[in-house]
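What follows is a single structure, written as structure tokens, with notes after it.
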Amino acid sequence: MSDCIFCKIAQGVIPSAKVYEDDEILAFKDIHPQAPVHFLIIPKRHIDSLAEVQADDVPLLGRMLALAPRLAADLGLKEGFRTIINTGRVGGQEVYHLHIHVVGGEFPLPAMLKH
Ligand code: AMP
Ligand code: ZN
């Protein structure tokens, strides 16, 4: 098995607070929330980062993005939320398994996510 922590979460080897799951996608709460609501949407299949995305991944990425407002509404974020994808060293990416942050539940939100 790969050493990737989000692959392990996707496989259920490491527990997570699940928000949503289907065949291809998992959403779970961030372990260090930076706002009252902070969850991550990941593909179950390993993709290093947004920089590695291929043409074949486009439908999956579309589904992940379209899920964000649905799950945000489910979690009560009626007045908006922020989506963030950190990419590479300069982008502040810490976990190299593609993930979309969805953050909300207070106003104003922190200007940027901290690292
Ligand atoms: P990034 O800087 O975009 O790579 O963010 C990685 C995020 O993953 C951080 O917000 C971490 O708090 C979060 N994280 C790391 N390990 C876990 C875990 N085991 N469960 C939930 N979230 C995690
Ligand atoms: Zn992975």
Side-chain angles (χ1 to χ4, degrees):
M1 179 186 296
S2 104
D3 272 345
C4 172
I5 188 168
F6 286 1
C7 279
K8 288 181 178 167
I9 287 176
Q11 291 157 7
V13 176
I14 291 177
S16 66
K18 277 182 204 172
V19 172
Y20 173 86
E21 180 169 22
D22 67 26
D23 286 354
E24 292 189 311
I25 298 171
L26 182 71
F28 55 95
K29 294 195 175 161
D30 196 293
I31 205 164
H32 298 303
Q34 295 186 28
V37 176
H38 183 176
F39 63 91
L40 306 173
I41 303 174
I42 68 166
K44 287 188 169 176
R45 174 164 61 79
H46 184 90
I47 299 172
D48 260 18
S49 80
L50 197 60
E52 264 66 47
V53 161
Q54 306 294 315
D56 284 356
D57 302 321
V58 167
L60 172 62
L61 279 166
R63 281 196 292 279
M64 288 168 60
L65 205 52
L67 203 52
R70 245 186 72 194
L71 299 181
D74 288 350
L75 292 175
L77 304 182
K78 304 205 184 309
E79 294 189 273
F81 55 89
R82 184 174 295 152
T83 44
I84 299 162
I85 304 175
N86 296 320
T87 303
R89 185 180 68 84
V90 170
Q93 186 172 1
E94 289 174 351
V95 177
Y96 279 78
H97 180 130
L98 177 64
H99 51 281
I100 303 174
H101 294 259
V102 181
V103 186
E106 69 183 359
F107 183 82
L109 286 169
M112 293 284 281
L113 290 185
K114 298 181 207 90
H115 304 299

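For this chain, numbers begin at 1 and follow the sequence in order. Below, each value reflects all heavy atoms present in this structure, side chains not excepted, and no hydrogens, waters or symmetry copies.
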Report summary line: Residues passing the salt bridge (Lys or Arg N to Asp or Glu O under 4.0 Å) test with Arg70, sequence neighbours excluded, are none
Query raised in the report: Got a sec, which pairs hit salt bridge (charged side-chain N to carboxylate O under 4.0 Å, His left out) with one end in residues 22-34, sequence neighbours left out?
Result: Glu24-Arg63
Query raised in the report: With sequence neighbours left out, which residue pairs that include part of residues 52-62 fulfil the salt bridge (charged side-chain N to carboxylate O under 4.0 Å, His left out) condition?
Result: Arg45-Asp57
Query - Other cluster members, Val19 - Ile/Leu/Val/Met/Phe/Trp/Tyr, side-chain contacts below 4.5 Å - result: Tyr20, Ile25, Val37, Phe39, Ile41, Ile47, Leu50, Val53, Leu60, Leu61, Met64, Leu65, Leu67, Leu71, Leu75, Leu77, Phe81, Ile85, Leu98, Ile100, Val102
Report summary line: Output for pair (Glu106 CD, Glu79 CD), nearest 0.5 Å, gives 13.0 Å
Report summary line: Across all chains, not counting sequence neighbours, the salt bridge (Lys or Arg N to Asp or Glu O under 4.0 Å) partners of Glu21 are Lys18, Lys44
Query - Residue pair Gly105 / Pro36: nearest heavy atoms and the distance that separates them - result: O-CG, 3.4 Å
Query raised in the report: Hydrophobic clusters join Ile, Leu, Val, Met, Phe, Trp and Tyr when side-chain heavy atoms are under 4.5 Å apart, directly or via other members; which others share one with Tyr96?
Result: none
Query raised in the report: Phe107: which other cluster members, linking ILVMFWY side chains closer than 4.5 Å, directly or transitively?
Result: none
Query raised in the report: Any idea which heavy atoms bring Val103 and Ala35 closest together, and the distance?
Result: CG1-CB, 3.4 Å
Query raised in the report: What pair of heavy atoms forms the shortest contact from Gln93 to Thr87, and how long is it?
Result: OE1-CA, 3.5 Å
**Report entry** Contacts of Asp74 that satisfy salt bridge (Lys or Arg N to Asp or Glu O under 4.0 Å) - sequence neighbours left out
**Finding:** none
Query raised in the report: How long is the span from the CD1 atom in Ile31 to the CD1 atom in Ile5, to the nearest 0.5 Å?
Result: 7.0 Å
Report summary line: With sequence neighbours left out, the residues meeting side-chain contact (heavy atoms from CB on, under 4.5 Å) with Ala73 are none
Requested in this report: Can you measure from CG (Leu26) to OG (Ser16) and round to the nearest 0.5 angstrom?
Outcome: 5.0 Å
Requested in this report: Any pair with a residue in residues 46-77 that passes ring-ring contact (aromatic ring centres under 6.0 Å, His included), sequence neighbours left out, goes on the list, sorted by first then second residue, please.
Outcome: His46-His97
Query - Any Phe28 side-chain heavy atom under 4.5 Å of Ile42 side chain - result: yes
Query - Hydrophobic cluster membership, Ile9 vs Val95, 4.5 Å side-chain cutoff - result: yes
